[in-house]
Amino acid sequence: MESLPLDSLYVDGRWTRPAAAETVAVENPATEEIVGRIAAGDARDVRRAVDAARTALPAWSATEAPVRAGHLSALRDLLVENQAEMAGLITREMGSPLSFSRRVQVGLPVKVLEAYAAEAAASGEERIGHSLVVREAAGVVAAITPWNYPLHQAVAKVGAALAAGCTIVLKPSELAPLSACFLTTLIDALGLPPGVFNLVPGRGTDAGRALAADPGVDVVSFTGSLAAGREVGSAAALGVKKVCLELGGKSATVVLPDADLETAVTDATHGALHNAGQTCSARSRLLVPRARLDEALELVRSVLAAYVPGDPMDPACRLGPLVSRAQRDRVLGYLDAARRSGARQVAGPPWDRVPARGHYVTPSVWTQVPPDSPLAQEEIFGPVLTVLPFDDDADAVAQANATRYGLAATVWSADTARATAVARRLRAGQVDINDAAFNPAAPFGGYRQSGVGRELGRHGIQEFQELKSLQLPS
């Protein structure tokens with residue numbers, strides 16, 4: 001990490017100094033120590049980067065698709081070569097347990113790049129009657145990424161934009177920007193034409209806001225909170241830009257009466273606690289048959305026993321800290337409100353097992369949660385699981401759909417056809433059936449206030465393309 005140019009921008013194919021000398025401290029949330037300082041990019045830096053991207057756009061968008069696919073494959077190989085170092089960096093900057101960082105924080109982007117490379121080489125043309133419909137690069141992309149999966153979200157946006165023939169300006173979260181700087185050194189090694197990829201680190205209120213509003217940007221792709229997404233969307237709307245927003249969720253696991261309860265509840269509990277619950281698609285609500293509620297709660301308690309907060313650099317650790325003191329205080333505020341609402345906490349390790357330093361929150365499980373309370377409706381983004389009973393399939397569907405979000409869900413049943421029928425009724429962008437694995441080539445995104453647009457695979461690339469109809473003479 002000592003060799004990373006953290007106090008610099010990457011613009012027009014080279015590392016360069018920002019307009020201002022100010023830096024932003026990056027904290028290790030497990031130790032509360034400062035592990036680096038990044039450049040605090042501002043509107044002047046954004047303008048330089050967007051200008052470079054716009055200058056590079058005509059030549060890059062005309063590049064043959066196999067060439068772009070080759071760059072993505074080369075980046076994939078570089079990630080594999082540097083997987084251990086990248087994983088350690090992510091653990092230090094945002095607190096994911098090291099085993100999770102290796103397997104998911106870095107392992108998933110590798111698979112995402114493989115899928116993009118395969119799709120990039122495919123033709124995007126089709127005939128409709130006497131018309132030839134073609135797909136073209138939409139232009140300059142503003143990619144604004146979050147802290148919870150800092151590498152994955154950067155790769156999801158940058159990889160798709162490159163595959164589509166777009167040029168990019170990446171603005172990572174100021175809470176976890178170190179992996180984006182490391183990623184930039186790998187992209188620099190690809191030998192892309194200057195200006196195709198640019199990095200402007202800094203605060204969302206400065207660099208992020210300026211990037212979303214910049215008139216030279218054609219597409220804004222943002223992942224983050226609902227409140228921030230509304231602001232980004234409003235800024236982009238003034239320029240009538242294309243927008244892709246992924247804004248989180250309040251996802252549910254539905255365990256139908258014929259499912260193997262132990263398998264389903266175990267999976268659901270793990271799904272709620274991965275990355276300390278700091279996952280947009282976390283299944284933070286567990287819906288079980290009313291007659292088996294007590295049995296389900298006992299199963300949850302047994303799984304929770306393995307989630308003891310600890311040092312995320314320890315290979316055996318399963319639960320690291322939250323990303324910041326502010327995030328920790330936010331989650332604790334939700335839990336205080338839950339107690340006042342009459343909800344009942346039924347599981348959670350004692351607080352005396354929490355490390356003395358670091359932004360830790362002990363995991364907890366709740367039931368008897370009022371359906372209109374924040375614990376049932378809001379994205380907590382912490383290690384918190386709500387267990388809710390239902391009476392029949394219709395009631396389960398109604399409860400699963402009873403939030404303003406619609407990002408993801410899981411349905412468990414011994415009958416795949418029954419599970420699929422229930423999944424079709426859920427207002428969510430991605431629904432797992434039983435123990436189905438995540439597919440990095442399938443579209444990911446949400447309904448309603450979970451966002452607009454899709455990421456990953458062919459559909460993710462198409463978000464960065466425009467359609468053109470060539471009306472041919474008959």
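These numbers come from the heavy atoms of this one structure, side chains and all, not from hydrogens, waters or symmetry mates. Keep in mind that what you see is a predicted model, and the values were worked out from it rather than measured.
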Among side-chain atoms of Ser179 and Glu93, is any donor-acceptor pair under 3.5 angstrom? yes

Could you check whether Gln105 and Ser96, counting side-chain N and O atoms only, form a donor-acceptor pair closer than 3.5 Å? yes

State whether the side chain of Gln377 and the backbone N or O of Ala402 hold a donor-acceptor pair below 3.5 Å, judged by distance alone. yes

Between CG on residue Leu456 and CZ on residue Phe438, distance to nearest 0.5 Å: 5.0 Å

Within the distance-only criterion (no hydrogens, no angle test), does the side chain of Asp12 pair as donor or acceptor with the backbone N or O of Ala52 below 3.5 angstrom? no

Which distance, rounded to the nearest 0.5 Å, do you find between the CG of Leu211 and the CG of Asp206? 12.5 Å

Decide, yes or no, whether a salt bridge links Arg325 with Asp329 under the criterion of side-chain N to carboxylate O below 4.0 Å. no

Among Arg54, Lys241, Lys242, whose side-chain hydrogen bond (donor to acceptor under 3.5 Å, both in side chains) with Asp218 holds? Arg54

With the side chain counted from C-beta on, respond yes when Asp188 and Tyr10 share a heavy-atom pair under 4.5 Å apart, and no when they do not. yes

The test is side chain to side chain contact (heavy atoms under 4.5 Å, CB included); show your working for Tyr116 and Ile461 and say whether it passes. CA-CA 8 Å; Tyr116 281 151; Ile461 294 171; 3.8 Å; yes

Are there over 12 heavy-atom neighbours, none belonging to Arg103, within less than 6.0 Å of that residue's CZ? yes

Decide yes or no for Arg448 and Arg427: does some side-chain heavy atom of the first lie under 4.5 Å from some side-chain heavy atom of the second? yes

Go through the steps for Arg230 and Gln449 under the test side-chain hydrogen bond (donor to acceptor under 3.5 Å, both in side chains), then give the verdict. CA-CA 10 Å; Arg230 286 170 173 158; Gln449 294 190 35; 2.8 Å; yes

Close side-chain approach of Ser131 to Leu472, heavy-atom, < 4.5 Å: no

A side-chain contact here means heavy atoms from C-beta on lying under 4.5 Å apart; do His152 and Val112 qualify? yes

Determine, step by step, whether Leu287 and Arg285 satisfy the side chain to side chain contact (heavy atoms under 4.5 Å, CB included) criterion, reporting the C-alpha distance in whole Å, the side-chain angles of both residues, the deciding distance to 0.1 Å, and the verdict. CA-CA 6 Å; Leu287 277 60; Arg285 294 181 297 148; 4.1 Å; yes

Closest non-hydrogen contact found for Ser281 with Ala408 is CB-CB, 3.9 Å

Let me confirm one number: the CZ-CG distance from Arg47 to Asp214, rounded to the nearest 0.5 Å. 4.0 Å

Report the C-alpha distance between Thr16 and Arg48 in whole Å, list the side-chain angles of each, state the deciding distance to 0.1 Å, and finish with yes or no for side-chain hydrogen bond (donor to acceptor under 3.5 Å, both in side chains). CA-CA 11 Å; Thr16 183; Arg48 289 169 53 202; 3.1 Å; yes

Should we count CZ of Arg127 as having more than 12 external heavy atoms under 6.0 Å? yes

Look at atom CD of Gln471 and say whether more than 12 heavy atoms of other residues, nucleotides or ligands are closer to it than 6.0 Å. yes

Could you tell me whether the side chain of Arg330 and the main chain of Ile380 form a donor-acceptor pair under 3.5 Å? yes

Counting distance only, does the side-chain N/O of Ser173 pair as donor-acceptor with the main-chain N or O of Pro146 below 3.5 Å? no

Can you name the nearest heavy-atom pair linking Leu170 to Ala154, along with the distance? CD2-CB, 4.2 Å

Side chain to side chain contact (heavy atoms under 4.5 Å, CB included), that's the test. Do Gln327 and Phe381 meet it? Break it down for me. CA-CA 8 Å; Gln327 181 64 18; Phe381 236 54; 3.3 Å; yes

Heavy-atom closest contact (Trp60 atom, Gly165 atom, distance): CD1-O, 3.3 Å

Heavy-atom side-chain contact between Cys280 and Glu246 under 4.5 Å: yes

Any donor-acceptor pair under 3.5 Å linking the side-chain atoms of Lys157 with those of Thr223? yes

Can you tell me how far CD of Glu81 sits from CE of Met86, rounded to the nearest 0.5 angstrom? 12.0 Å

CG-CD1 distance between Leu75 and Ile187, expressed to the nearest 0.5 angstrom: 5.5 Å

Glu85 side chain to Asn82 backbone, donor-acceptor under 3.5 Å: no

Evaluate the criterion salt bridge (charged side-chain N to carboxylate O under 4.0 Å, His left out) for residue pair Arg203 and Glu174; output intermediate values, then yes/no. CA-CA 6 Å; Arg203 298 184 180 89; Glu174 62 269 33; 5.9 Å; no

Kindly say whether Ala441 contributes a backbone atom to a donor-acceptor pair with the side chain of Asn439 at under 3.5 angstrom? yes

To the nearest 0.5 Å, what is the distance between OG1 on Thr167 and CZ on Phe464? 11.5 Å

So do the side chains of Val220 and Val232 get within less than 4.5 Å of each other, counting heavy atoms only? yes

So, do Asn148 and Val323 sit near enough that their side-chain heavy atoms are less than 4.5 Å apart? no

Side chains of Tyr149 and Thr279: any donor to acceptor distance under 3.5 Å? yes

Over-ring placement of Arg318 relative to Tyr307, 6.0 Å and 45° cut-offs: yes

Under a 3.5 Å distance rule, please check whether Glu379 uses its side chain to pair with a backbone N or O of Lys250 as donor and acceptor. no

Heavy-atom pair of closest approach, residues Val110 and Val80: CG1-CG2, 3.8 Å

With no hydrogens and no angle check, do the side chains of Ser251 and Arg283 hold a donor and an acceptor under 3.5 Å apart? no

Using atom types as modelled and distance alone, determine if a side-chain donor or acceptor of Glu463 lies under 3.5 Å from a backbone N or O of Arg454. yes

The residue among Thr410, Asp432, Val411 that forms side-chain contact (heavy atoms from CB on, under 4.5 Å) with Thr253 is Thr410

Audit row: Arg37, Val26, side chain to side chain contact (heavy atoms under 4.5 Å, CB included) steps and yes/no: CA-CA 6 Å; Arg37 291 185 175 275; Val26 181; over 6 Å; no

Short question: side chain of Ser61, backbone of Pro58 - any donor-acceptor pair under 3.5 Å? yes

Got a donor-acceptor contact below 3.5 angstrom from the Arg404 side chain to the Gly249 backbone? no

Going by atom types only, do His359 and Glu27 share a side-chain donor-acceptor pair under 3.5 Å? yes

Do Thr91 and Ser101 have side-chain N/O donor and acceptor atoms under 3.5 Å apart? yes

Counting C-beta onward and ignoring hydrogens, is there a side-chain heavy-atom pair between Glu136 and Gln465 closer than 4.5 Å? no

